[in-house]
Amino acid sequence: MKAKFLKEFFTFPDILIMSILFLISLSFTLSGWYLLETWVALVAGMIGYAASEYLIHRFLFHLKPPRNPFFLHLLKRLHYDHHADPNNLHLLFLPVWYSLPLIAGTGAVCYLFTSDVIVTNAFVTGVIGFLLFYEWTHYIAHRPVQPISPWGRWMKKLHLWHHFKNEHYWYGVTSPVFDVMLGTYKNEQDVEKSSTVRDLERRWDKDVEL
């Protein structure tokens, strides 16, 4: 791994902000390391983000283009434009204006159920930690970097199929678990190339063959 890629990743503003928040949150979490509920909440946060990674990607980011220009603009920035220009670094990462409200909302829900600041903070730490893992995996998939592990190389291949073969499959970025469970994991040889893989707005045109 070349140092320039680590520098490029961790100095990108959205990643830098999330990394700082993760370190702050982690320091508070470690103060309650001796409590079982701390680790349960941390793992729950990670699992929660892993599930949302697939569900949001498939059902929100690949949503039918909204008629409202403002919401269409948001969706284009969050994902449509990333498919049109997959290797553009400025379209690669989730913007903080999207991530922070989402994290705050899930943290509020956690506190509503637990009424416990330590547990809620541990949950949020798990969410942010997995978000950074997702961002790193996504970054590696789109940069000229060969992943070290066989798992990493496999996930990079699946994600590139999603971008360059067919956008209807391989939604998972860090894991194909939900693709397998929900029927969007296919053998690449059995899937035809999609004519809208680089233009998600056209995906919903009636005259476009999917």
Side-chain angles (χ1 to χ4, degrees), residues 12 14-15 18 46-106 109 127-128 130-143 152 154-210:
F12 196 86
D14 298 283
I15 299 300
M18 298 312 300
M46 296 172 67
I47 294 174
Y49 192 88
S52 73
E53 169 197 316
Y54 176 91
L55 296 173
I56 289 176
H57 185 187
R58 180 177 178 182
F59 296 110
L60 177 62
F61 289 173
H62 282 244
L63 195 67
K64 184 177 182 179
R67 293 184 178 181
N68 183 296
F70 175 72
F71 290 115
L72 177 60
H73 175 73
L74 293 184
L75 198 52
K76 284 170 67 69
R77 167 57 190 91
L78 285 171
H79 204 63
Y80 285 5
D81 290 349
H82 173 52
H83 267 265
D85 191 3
N87 296 327
N88 185 334
L89 198 63
H90 294 278
L91 299 171
L92 192 59
F93 301 115
L94 294 171
V96 290
W97 55 258
Y98 164 81
S99 298
L100 288 180
L102 193 65
I103 293 169
T106 53
V109 171
V127 170
I128 301 176
F130 206 92
L131 178 148
L132 289 171
F133 173 60
Y134 159 84
E135 294 282 34
W136 174 252
T137 307
H138 194 210
Y139 171 80
I140 292 296
H142 287 280
R143 302 299 284 164
W154 185 41
M155 291 312 304
K156 178 167 183 165
K157 183 165 62 177
L158 296 183
H159 191 63
L160 294 181
W161 288 345
H162 175 77
H163 271 282
F164 298 102
K165 184 70 181 284
N166 195 310
E167 76 277 20
H168 300 91
Y169 303 103
W170 311 295
Y171 289 98
V173 175
T174 60
S175 163
V177 169
F178 288 94
D179 281 304
V180 173
M181 291 172 57
L182 299 177
T184 52
Y185 180 87
K186 298 288 184 183
N187 186 321
E188 187 258 346
Q189 300 298 323
D190 298 333
V191 175
E192 294 184 358
K193 183 174 174 59
S194 168
S195 63
T196 56
V197 72
R198 300 288 295 274
D199 188 353
L200 297 189
E201 287 188 73
R202 287 184 56 242
R203 178 182 178 185
W204 301 92
D205 291 351
K206 292 182 179 179
D207 57 344
V208 173
E209 184 178 348
L210 298 179

Taking CZ in Phe70 as the centre, count heavy atoms belonging to other residues, nucleotides or ligands within less than 6.0 Å. Is the count above 12?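 Result for CZ/Phe70: open.
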With a cut-off of 6.0 Å (strictly less than), are more than 12 heavy atoms of other residues, nucleotides or ligands near NZ of Lys64?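 No - once you tally the heavy atoms of other residues, nucleotides and ligands closer than 6.0 Å, there are 12 at most.
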Do Phe93 and Tyr134 have ring centroids that are under 6.0 Å from one another?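 No, they do not, as the ring centres are separated by 6.0 Å or more.
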Under 6.0 Å between ring centres, would you say that holds for Tyr139 and Trp136?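 Yes.
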Donor-acceptor under 3.5 Å ([X] side chain, [Y] main chain):
X	Y	result
Lys186	Tyr169	no
Glu53	Thr174	yes
Asn166	Val191	no
Asp179	Tyr171	yes
Thr106	Leu102	yes
Lys165	Ser194	no
His163	His83	no
Ser52	Tyr49	yes

For [X] and [Y], which heavy atoms make the closest approach, and how far apart are they?
X	Y	result
Thr137	Val173	CG2-O, 3.3 Å
Leu94	Glu135	N-OE2, 2.9 Å
Leu200	Glu167	CD2-CG, 3.6 Å
Ala50	Phe178	O-CE1, 4.0 Å
Pro86	Arg198	CD-NH2, 3.5 Å
Met18	Leu131	CG-CD2, 4.2 Å

Looking only at side chains, do Tyr54 and Ser175 share a donor and an acceptor under 3.5 Å apart?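 Not at all, the side chains of Tyr54 and Ser175 share no donor-acceptor pair under 3.5 Å.
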For the residue pair His57 / His162, report whether a side-chain donor-acceptor contact shorter than 3.5 Å exists.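 Indeed, the side chains of His162 and His57 share at least one donor-acceptor pair under 3.5 Å.
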Once you round to the nearest 0.5 Å, how far does [atom1] of [X] lie from [atom2] of [Y]?
X	Y	atom1	atom2	result
Phe71	Leu63	CZ	CG	11.0 Å
Ile56	Arg58	CD1	CZ	14.5 Å
Arg77	His82	CZ	NE2	10.0 Å
Leu182	Leu55	CG	CG	7.0 Å

Parallel, tilted or perpendicular: which one describes the rings of Tyr185 and Trp154, with boundaries at 30° and 60°?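 It falls in the perpendicular class, over 60°.
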Evaluate the ring planes of His62 and His79, with Trp represented by its six-membered ring, and classify them as parallel (under 30°), tilted (30 to 60°) or perpendicular (over 60°).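 The rings of His62 and His79 sit tilted, inter-plane angle from 30° to 60°.
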Min side-chain heavy-atom separation Leu92-His138 under 4.5 Å: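 In contact.
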Side-chain contact, heavy-atom cut-off 4.5 Å: Pro176 with Leu158?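 Yes, their side chains come closer than 4.5 Å.
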Report the residues that fulfil side-chain contact (heavy atoms from CB on, under 4.5 Å) with His90, sequence neighbours left out, ordered by chain and then residue number.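 Result, side-chain contact (heavy atoms from CB on, under 4.5 Å) vs His90: Phe12, Asn88.
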Under 4.0 Å between a Lys/Arg side-chain N and an Asp/Glu carboxylate O for Glu188 and Lys157?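 Lys157 and Glu188: not salt-bridged.
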